[in-house]
**Student:** 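This is the structure I have questions about; it appears just below.
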Protein chains: 2
Amino acid sequence: MFDVTPRTLRYYEEVGLLQPERRGAQRLYTDRDRVRIQLILRGRRIGFSLPEIAEMLELYDADPTEITQLRDVLRRGDRKLAEIDQQIRELQAIREELLELRDRLQRTLDEKLKGRDLS
Amino acid sequence: MFDVTPRTLRYYEEVGLLQPERRGAQRLYTDRDRVRIQLILRGRRIGFSLPEIAEMLELYDADPTEITQLRDVLRRGDRKLAEIDQQIRELQAIREELLELRDRLQRTLDEKLKGRDLS
DNA sequence: CTGTAAATTTACGTGAACGTCAAATCCGGG
DNA sequence: CCCGGATTTGACGTTCACGTAAATTTACAG
């Protein structure tokens, strides 16, 4: 369904990212599990480690009854947001550089083509 | 200087990302090397593998004399750009979700505080 | 109940990206 | 030239995120 092997799902369970129900010995992945799997895979695609992803998932399923706990979750969420903003900035920096490089190459290509026309 | 161990630099050299000069047996890291090191580290921070980073570095130091080669480099650069744009989009998606979550938590915190005031 | 296909468990293997440690080598100062 | 500290060179170890193969166990049609 998500192009993921059973081994991977069991590993995610092993490290605490998933807790599928059991019907006897078989694992039952609920909608909640499927959502979490998608979040995990997206996190992996952008290079987060499984512990980092775990931090983010904890933000989601935390049901903080205590005000101090709630403040704590908010603080951790803000830290994560700052990290992500930083990462976006780094990606945009690389993007800018690649665009510059692209323009340079494009110009030298244009020159070479013009030179060829004149010959 | 960049908070990186000698072992790491030698490993990057081993896999072809760096080619520092030698004064006798000692490695001499030039400005060019230092720039490359920064690019490598930035790539690592945002989760690129060393082979992926190698691809990008090749784009920089390619000096394509042949027009076909130049077109090829341009094409590879565009592919990389597309990947990076995709990654930025995924990060922004996560960012949006975290912001939503943050707002929800903030609101329940506000309610709890209001409830406490009234008691 | 029984065979068998599927799911689980257990355990070892793997590639990437370094860490770590010892041995050898180099290199500048006296 | 000699020596002590720095650098280099293997070589093996480690962690993460799974892959893989074998042995069990389970589930279910007939």
Side-chain angles (χ1 to χ4, degrees), chain A residues 1-61 80 83-84 86-87 90-91 94, chain B residues 1-61 76 79-80 83-84 86-87 90-91 94:
Chain A
M1 181 169 178
F2 298 130
D3 190 39
V4 64
T5 71
R7 179 66 176 93
T8 299
L9 293 181
R10 293 194 194 109
Y11 181 68
Y12 291 165
E13 184 178 347
E14 200 180 318
V15 298
L17 294 179
L18 297 174
Q19 289 118 24
E21 290 170 30
R22 293 292 185 114
R23 204 186 69 189
Q26 270 163 265
R27 289 169 173 80
L28 267 181
Y29 294 93
T30 71
D31 289 355
R32 177 172 182 277
D33 291 321
R34 276 185 277 273
V35 169
R36 290 173 76 90
I37 291 172
Q38 283 181 319
L39 290 175
I40 295 171
L41 296 180
R42 196 169 59 188
R44 292 255 61 214
R45 279 198 301 275
I46 59 183
F48 286 141
S49 70
L50 296 189
E52 282 171 329
I53 294 171
E55 285 183 44
M56 302 182 52
L57 289 180
E58 282 170 28
L59 294 180
Y60 280 93
D61 51 32
K80 266 297 161 195
E83 286 178 32
I84 288 177
Q86 175 59 25
Q87 203 150 344
E90 304 223 48
L91 272 170
I94 291 189
Chain B
M1 179 168 177
F2 298 131
D3 190 36
V4 65
T5 71
R7 179 66 176 94
T8 299
L9 293 181
R10 295 194 192 109
Y11 181 69
Y12 289 164
E13 183 179 349
E14 201 180 316
V15 298
L17 294 180
L18 296 174
Q19 289 116 25
E21 290 170 30
R22 293 294 184 113
R23 205 185 69 187
Q26 270 163 264
R27 290 172 173 79
L28 267 180
Y29 294 92
T30 71
D31 289 355
R32 178 171 180 277
D33 290 321
R34 276 185 276 272
V35 169
R36 290 173 76 90
I37 292 172
Q38 284 182 320
L39 289 175
I40 296 170
L41 295 180
R42 197 169 58 187
R44 292 256 62 213
R45 278 198 299 276
I46 59 184
F48 285 141
S49 70
L50 294 190
E52 281 172 329
I53 294 171
E55 283 183 45
M56 302 182 53
L57 289 181
E58 282 170 28
L59 295 180
Y60 281 93
D61 51 31
R76 298 210 310 265
R79 274 211 307 272
K80 265 296 160 195
E83 286 178 33
I84 288 176
Q86 174 60 25
Q87 202 150 344
E90 302 224 49
L91 272 170
I94 292 188

**Student:** For residues 41-60 of chain B, which residues have at least one heavy atom under 4.0 Å from DNA chain D?
**Tutor:**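 Residues of residues 41-60 of chain B under 4.0 Å from DNA chain D: none.
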**Student:** Which is more 5' along DNA chain C, the nucleotide nearest Y12(B) or the one nearest R10(A)? Just name the residue.
**Tutor:** R10(A)
**Student:** Can you confirm whether E83(A) sits close enough to Q86(A) that some side-chain heavy atom of one is under 4.5 Å from a side-chain heavy atom of the other?
**Tutor:**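 Heavy-atom side-chain distance check fails, nothing below 4.5 Å.
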**Student:** With a 4.5 Å heavy-atom cut-off, do Y11(A) and T5(A) have their side chains touching?
**Tutor:** no
**Student:** Restricting both atoms to N or O, compile the protein contacts to nucleotides 20-23 of chain C shorter than 3.5 Å, with distance only.
**Tutor:**
from	atom 1	to	atom 2	distance (Å)
dT20(C)	O4	R7(B)	NE	3.3

**Student:** Applying salt bridge (charged side-chain N to carboxylate O under 4.0 Å, His left out), run through R32(B) and D61(B) and close with a yes or a no.
**Tutor:** CA-CA 10 Å; R32(B) 178 171 180 277; D61(B) 51 31; 3.5 Å; yes
**Student:** Decide yes or no on side chain to side chain contact (heavy atoms under 4.5 Å, CB included) for M56(B) and I94(A), but give the supporting numbers first.
**Tutor:** CA-CA 10 Å; M56(B) 302 182 53; I94(A) 291 189; 3.4 Å; yes
**Student:** Output, in order, the C-alpha distance, side-chain angles, deciding distance and verdict of side chain to side chain contact (heavy atoms under 4.5 Å, CB included) for L57(B) and I40(B).
**Tutor:** CA-CA 9 Å; L57(B) 289 181; I40(B) 296 170; 3.9 Å; yes
**Student:** Under 4.5 Å between any side-chain heavy atoms of R45(A) and R42(A), yes or no?
**Tutor:** yes
**Student:** Under a 4.0 Å heavy-atom cut-off, which of residues 16-32 of chain B touch DNA chain D?
**Tutor:**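 Heavy-atom contacts with DNA chain D come from R22(B), A25(B), Q26(B), R27(B).
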**Student:** Could you go through L50(B) and R44(B), starting from their C-alpha distance and side-chain angles, then the distance that decides it, and tell me whether this counts as side chain to side chain contact (heavy atoms under 4.5 Å, CB included)?
**Tutor:** CA-CA 8 Å; L50(B) 294 190; R44(B) 292 256 62 213; 3.7 Å; yes
**Student:** Under a 4.0 Å threshold between the charged nitrogen and the carboxylate oxygen, would R34(B) count as salt-bridged to D31(B)?
**Tutor:** yes
**Student:** Nearest whole Å is fine: how far is dA17(D) C1' from L9(A) CG?
**Tutor:**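 Nearest whole value for this atom pair: 13 Å.
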**Student:** Check for a donor-acceptor pair, side chain of R36(A) on one end and backbone N or O of L18(A) on the other, with a separation under 3.5 Å.
**Tutor:**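 No: the side chain of R36(A) does not pair with the backbone of L18(A).
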**Student:** In whole angstroms, how far is the C1' atom of dT8(D) from the OH atom of Y11(B)?
**Tutor:**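 So the OH-C1' distance, Y11(B) to dT8(D), works out to 19 Å.
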**Student:** If only side-chain N and O atoms of T8(B) are considered, is one of them under 4.0 Å from the OP1 or OP2 phosphate oxygen of dG19(C)?
**Tutor:** yes
**Student:** Can we say R10(B) and E13(B) salt-bridge, meaning some charged N sits less than 4.0 Å from an Asp/Glu carboxylate O?
**Tutor:**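 Looking at E13(B) together with R10(B), the answer is no, because their closest N to O distance does not fall below 4.0 Å.
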**Student:** Give the C-alpha distance, both sets of side-chain angles, the deciding distance and a yes or no for side chain to side chain contact (heavy atoms under 4.5 Å, CB included) between Y12(A) and L41(A).
**Tutor:** CA-CA 11 Å; Y12(A) 291 165; L41(A) 296 180; 4.2 Å; yes
**Student:** With a 4.0 Å limit, can you tell me whether T5(A) has a side-chain N or O closer than that to the phosphate oxygens OP1/OP2 of dC18(D)?
**Tutor:**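 Negative; the distance criterion is not met.
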